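Note that these values count all heavy atoms, side chains included, but never hydrogens, waters or copies made by symmetry. Keep in mind the model is a prediction, meaning the values are calculated, not measured.
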Amino acid sequence: MMHRVAFEEPKQDIMAELLAVEPALAALLTACLAKDPAGRPPRGSSPTPPRQPVTAAQRSGTSR
């Protein structure tokens with residue numbers, strides 16, 4: 001799996017499904033998995049978290 005993360009682009013069909021459900025998370029993952037370091041978020045940056053996972057974590061009591 002690590003080889004895939006390091007050397008292959010994310011599967012387009014999975015990213016398309018994620019984009020339809022949670023666009024902010026899809027954008028974040030796409031940026032983080034970019035093979036060109038210039039396309040990744042800068043170190044130490046703190047993007048706004050997607051709302052759906054945050055809301056789900058808060059409901060389950062596992063939020064930060």
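M15 is connected to L25 through a chain of hydrophobic side-chain contacts under 4.5 Å among Ile, Leu, Val, Met, Phe, Trp and Tyr, so both are in one cluster.
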Side-chain donor-acceptor pairs under 3.5 Å in residues 3-10, sequence neighbours left out?
none

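Distance CG/D13 to CG/L18: 11.5 Å, rounded to 0.5 Å.
In K11, the NZ atom is not crowded: 12 or fewer heavy atoms of neighbouring residues, nucleotides or ligands sit closer than 6.0 Å.
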